[in-house]
Amino acid sequence: MNATAEPTADTAAAPPALTNSTFAEIAEVLRQHETFVVLSHVRPDGDALGSQIAMGLALQKLGKKVKVWNEEGLLEKFSFLPGGELVSTPPNEREDFDVVLALDTATRQRLGENCLAAIGSAKVWINIDHHPSNPRYGDLVHIDPIAPATGQILFELLQSQDLPLDEPIAENLFAAISTDTGSFQYPNTTARTFEIAADVLRCGIKVGELSQKLYESYPRRRIELLRVLLDRMSFDADGKVASFSLPSATANELGVIPEDNEGLIDHLRAIQGVIIAIFFEELEGGKVRVSMRSKDERADVCEICLRFKGGGHKLAAGARVPGALEDVANRVIEAACDVVNRLP
Ligand code: AMP
Ligand code: MN
Ligand code: MN
């Protein structure tokens, strides 16, 4: 990482905020400033982009000047989201802002090297997230590890503080919450999540149409990729650990792009007897992206990924590990087997 991607002097010096800023405090900062940049993590998912766009639209409705940057820009598969055109990759020149908002991003570094380098000065950093591993970087911090999605926290913020919440914003929040809860299936889905989903629907969104765009509009190449990955599937620890890996040469041959593989790991998790599912993706630059899912809270994949300098949630976590694909896979699978073999 170059020097410009390091935290700005003012925020680097500040001690981590130990208690959550209230929604009222965050809303006050939003209302009192003029220029904003809304960021989220590299390799964005539906929660990252949905949250970014919802916040960008809300700030625009407040009359603010707002940029929405993501290291990868707007993914093709989320291009239907209303307000999606707000999302761009960061510019090459630095820009100054009153407020930087980091959403759904477990570490500052995961905001992306180019995004971080493009921020000149910033008076306030706001960090809103639901990852328990978040080290609470920034000036105003609101981490709710119980929330199943950052989109759910944003809904509570917008609604409780009488901030803009119209149909396009609601559609983005629904996309965020639906994707991060596995369509309201994962155990982090609470009664409150359903209440919020109901309120979101009352804003006028059409859940059938939206779900079809989210879950039934994949390019054919994604399924071709799944076919190849299933061929490479392997099991360890008596079938409690399932994994497959994607060499970059195979990705190139199939013509797939990074967003195509998101969610394919769910096919491994869905197998009876599997406790930990792992997906390995060979990246440029000698690193491997590790993606992990667990079906048992006692098999904490965040804890495993932290050992490999990653992070995430108990049941869904990841890491970027330097090394050759097969080597990294062996080491990570061994760590996962260790964990499941120690379960009672
Ligand atoms: P993924 O498997 O990429 O969908 O990520 C699963 C979860 O782990 C998400 O909540 C990510 O934010 C988190 N995560 C993935 N990779 C990393 C990483 N390198 N460092 C910290 N958290 C990560
Ligand atoms: Mn995310
Ligand atoms: Mn999330």
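Keep in mind the model is a prediction, meaning the values are calculated, not measured. One-based numbering, in listed order, for ligands and for the atoms of each.
- Looking only at N/O/S atoms, D180 comes nearest to the Mn ion (ligand 3) through OD2.
- Atom CG of N252 has more than 12 neighbouring heavy atoms from other residues, nucleotides or ligands inside a 6.0 Å radius.
- Counting heavy atoms under 4.0 Å from ligand 1, residue A319 touches it through the backbone alone.
- Using modelled atom types and a 3.5 Å distance limit, the side chains of N134 and R108 yield no donor-acceptor pair.
- Of the possible donor and acceptor atoms, none in the side chain of S51 sits under 3.5 Å from a partner among the backbone N and O of A48.
- Residue, atom and distance of the protein heavy atom nearest to atom 15 (C) of ligand 1 are G318 CA, 3.4 Å.
- Among the backbone and side-chain atoms of H131, none of the N, O or S atoms lies under 2.8 Å from the Mn ion (ligand 3).
- Counting heavy atoms from C-beta on, the side chains of V66 and V38 come closer than 4.5 Å.
- Within ligand 1, the atoms closer than 4.0 Å to a non-hydrogen atom of H131 are 9 (C), 10 (O), 11 (C), 12 (O), numbered from 1 in the order shown.
- Contact atoms of ligand 1 toward G310: 18 (C), 20 (N), 21 (C) (distance under 4.0 Å to a heavy atom of the residue).
- In this structure, K61 places its NZ atom where only 12 or fewer heavy-atom neighbours from other residues, nucleotides or ligands lie under 6.0 Å away.
- With hydrogens and angles disregarded, a donor-acceptor distance shorter than 3.5 Å links the side chain of T105 to the backbone of H41.
- Each of the following atoms of ligand 1 lies closer than 4.0 Å to a heavy atom of G312: 8 (O), 13 (C), 22 (N).
- Atoms NE2 of H41 and OD2 of D45, as seen from the Mn ion (ligand 2), are separated by an angle of 100°, to the nearest 10°.
- With respect to the Mn ion (ligand 3), D47 has OD2 as its nearest N, O or S atom.
- Short contacts between ligand 1 and H313, defined as distances under 4.0 Å to a heavy atom of the residue, involve ligand atoms 10 (O).
- Side-chain atoms of K64 come within 3.5 Å of backbone atoms of R31 as a donor-acceptor pair (strictly under, hydrogens ignored).
- Atoms of ligand 1 lying under 4.0 Å from any heavy atom of R293, numbered from 1 in the order shown and given with element: 1 (P), 2 (O), 4 (O), 6 (C).
- Across I143 and P145, no two heavy atoms sit closer than the pair O-CD, 3.5 Å.
- Side-chain atoms of D47 never come within 3.5 Å of backbone atoms of A149 as a donor-acceptor pair (strictly under, hydrogens ignored).
- Using a non-hydrogen distance threshold of 4.0 Å, E262 does not register as a contact of ligand 1.
- Of all protein heavy atoms, the one closest to atom 21 (C) of ligand 1 is G311 N, 3.2 Å.
- In this structure, S178 contributes its side chain and A175 its backbone to no donor-acceptor pair below 3.5 Å.
- For atom 7 (C) of ligand 1, the nearest protein heavy atom (residue, atom name, distance) is A316 O, 3.4 Å.
- Note: an N/O pair closer than 3.5 Å links S291 and ligand 1 by distance alone.
- Residue contacts with ligand 1 for R289 involve side-chain atoms from C-beta outward but no N, CA, C or O (heavy atoms, distance under 4.0 Å).
- Between T107 and ligand 1, a contact under 3.5 Å exists for no N or O pair.
- Note on F308 and I265: separate hydrophobic clusters, where clusters join Ile, Leu, Val, Met, Phe, Trp and Tyr whose side-chain heavy atoms are under 4.5 Å apart, directly or indirectly.
- For D104, the N, O or S atom with the smallest separation from the Mn ion (ligand 3) is OD1.
- Counting heavy atoms closer than 4.0 Å to ligand 1, residue R110 contributes side-chain atoms (C-beta onward) but none from N, CA, C or O.
- A distance-only check finds no donor-acceptor pair linking the side chain of H142 to the backbone of I128 [under 3.5 Å].
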